[in-house]
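First the structure, in the form of structure tokens, and then the observations on it.
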Amino acid sequence: MENQIQQHIEAVTALLNKALPQIEVSDSLSQLDDIRVTYLGKKGALTQIAAAMKGLSNEDRPRLGQAMNEFKAAFSQAFDSKKSELEHRALNQQLASEALDISLPGRQMPMGTRHIITQTMEEIEDLFIGMGYQVIEGPEVEMDHYNFEMMNLPKSHPARDMQDTFYIDPETLMRTHTSPVQARVMEQHDFTKGPLKMISPGKVFRRDNDDATHSHQFHQIEGLVVDKHITMADLKGTLEVFAQALFGQERAIRLRPSYFPFTEPSVEVDVSCFKCGGDGCNVCKQTGWIEILGAGMVHPNVLEMAGIDSTVYSGFAFGMGPDRVAMLKYNVDDIRHFYQNDLRFLTQFKGGQN
Ligand code: PHE
């Protein structure tokens, strides 16, 4: 009997001596697991020895049990340390393969610029804000009432022709100018709180065939001043300041008689050519002058319709086209460049970089 138990214990020791070097040289987690199954699995070598337990005496059984426990302890220790070594190695390999090269220079994100029309409009707005004007915007979809009626454009007026106006329904349209904002603001203004001084920038719409100088959608900046004793001299002085700020201190302006239904008298305003200084060149078409806006004294009918007593108050108004101003200032030969979104064009105007 003693012989038999001795043989079993030696078999366990032999098994351990075989298992430990195998664990030691194993090269992967799956290989390591195979070794575990070989020795400790259901059909494993140690399990087979354990089957011999049944035939052992009560004294011998604990001796084999102890030997098997020692096997398991030694096996587990070797197994666990190998396992953590292999896991460590796998992790390091993964980290190495996924490593980022932080020495690579970053990719430059393209920086947008503000549109040249926006820049031009903001430059004009800033100028008038500096002279105490308020900036007030109005709706692009406008009522016939404000766009025409309140602007002294009776139903029969040719400017109401379907040729010029995008109608939405008989009473609603895309505004053809920023002048309706005049009426909206005049209706609301409380003169006990001070004079009315405002500009109104925005988009306007006209049925036009697009070409180098015409667009069905463009921009205007409306100006309106109403108070007691406002005269044509105030208008002229204001526009002179404007022209000089935008086109250079040497500029002069000239007023030519014109006609708008909502102003009386009405004028067309020219600025002396900023390219040739007035001698005549291709920019001013050899005239020495460039037309930049329409203006006039607010028609008494317009004041009265807005509820303002035209015997007490007077005012001037002007309307200018920032698209045209930008074309002149930056020598742009085709208005369509402004809305075609060609970056080769747009990125030339870096002044509006955010
Ligand atoms: N509304 C006019 C236009 O679109 C411009 C203008 C505005 C003229 C104010 C006089 C006064 O042509």
Side-chain angles (χ1 to χ4, degrees), residues 121 124-125 128 133-140 142-154 157-161 163-166 173-186 196-208 213-227 230-239 242-243 253-271 290-303 305-306 308 310 313-325 327 335:
M121 289 175 77
I124 297 170
E125 284 170 34
F128 282 100
Y133 286 61
Q134 262 184 291
V135 179
I136 302 175
E137 291 186 21
E140 290 168 8
E142 183 55 283
M143 291 152 68
D144 179 282
H145 174 73
Y146 287 111
N147 195 80
F148 290 137
E149 207 88 5
M150 293 287 279
M151 284 293 108
N152 203 27
L153 274 133
H157 198 280
R160 292 173 143 246
D161 197 300
Q163 290 294 325
D164 301 322
T165 309
F166 289 113
L173 44 80
M174 301 305 290
R175 66 177 178 191
T176 57
H177 52 177
T178 44
S179 299
V181 187
Q182 284 190 37
R184 287 177 172 274
V185 173
M186 279 191 276
L196 193 174
K197 287 175 87 176
M198 70 105 186
I199 55 164
S200 188
K203 294 187 180 75
V204 299
F205 307 83
R206 288 188 196 173
R207 279 163 48 122
D208 225 335
T213 52
H214 296 87
S215 170
H216 64 284
Q217 183 203 302
F218 53 103
H219 302 83
Q220 283 191 341
I221 297 180
E222 192 80 10
L224 175 67
V225 172
V226 183
D227 197 7
I230 297 289
T231 69
M232 198 95 179
D234 298 312
L235 172 63
K236 190 173 180 201
T238 303
L239 294 178
F242 160 77
I253 60 165
R254 131 184 128 167
L255 309 187
R256 283 180 290 112
S258 185
Y259 171 76
F260 298 104
F262 32 88
T263 45
E264 182 59 35
S266 302
V267 289
E268 219 117 29
V269 182
D270 300 336
V271 59
I290 300 170
E291 183 191 325
I292 52 164
L293 54 85
M297 300 307 291
V298 180
H299 196 293
N301 287 354
V302 172
L303 291 171
M305 277 189 280
I308 297 171
S310 64
Y313 291 95
S314 57
F316 66 74
F318 56 84
M320 66 181 78
D323 304 73
R324 191 169 146 72
V325 170
M327 286 175 84
I335 195 169

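Since we're looking at a predicted model, the values are computed, not measured. For ligands, and for the atoms within them, numbers begin at 1 and follow the listed sequence. This chain uses plain numbering: 1 for the first residue, then up along the sequence.
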Considering all heavy atoms, the nearest [X]-[Y] contact:
{"X": "V302", "Y": "N152", "result": "CG2-CB, 3.9 Å"}
{"X": "Q220", "Y": "T178", "result": "OE1-N, 2.9 Å"}
{"X": "F128", "Y": "T238", "result": "CE2-CG2, 3.8 Å"}

(Q) Can you tell me which portion of A295 lies within the under-4.0 Å heavy-atom range of ligand 1? Options are side chain, backbone, both, or neither. (A)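 Backbone only.
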
Give yes if a backbone or side-chain nitrogen or oxygen of [X] is under 3.5 Å from a nitrogen or oxygen of ligand 1, and no if not.
{"X": "E222", "value": "no"}
{"X": "T263", "value": "no"}
{"X": "T176", "value": "no"}

Q. Where does the angle between the aromatic ring planes of F148 and H177 fall among parallel (under 30°), tilted (30 to 60°) and perpendicular (over 60°)?
A.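 Rings of F148 and H177: tilted, 30 to 60°.
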
Q.
Regarding R175 and E222, does a basic nitrogen lie under 4.0 Å from an acidic carboxylate oxygen?
A.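 No.
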
Q: Quick one: look up the protein heavy atom nearest atom 2 (C) of ligand 1 and list residue, atom name and how far away it is.
A: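 Protein heavy atom at minimum distance: F262 CZ, 3.7 Å.
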
Q: Specify the protein heavy atom at minimum distance from atom 5 (C) of ligand 1: its residue, its atom name, and the distance to 0.1 Å.
A: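 For this ligand atom, the closest protein heavy atom is G319 CA, 4.0 Å.
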
What are the atoms of ligand 1, with element, lying closer than 4.0 Å to any heavy atom of [X]?
{"X": "G294", "value": "6 (C), 8 (C), 10 (C)"}
{"X": "Q220", "value": "3 (C), 4 (O)"}
{"X": "R206", "value": "3 (C), 4 (O), 12 (O)"}
{"X": "S179", "value": "1 (N), 7 (C)"}

Q) Between the side chain of R324 and the main-chain N/O of E291, is any donor-acceptor distance below 3.5 Å? A)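 Between the backbone of E291 and the side chain of R324 there is a qualifying donor-acceptor contact (under 3.5 Å).
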
Q. Which is it for S258 and E268 under the side-chain hydrogen bond (donor to acceptor under 3.5 Å, both in side chains) test, yes or no, and what are the steps along the way?
A. CA-CA 6 Å; S258 185; E268 219 117 29; 3.0 Å; yes

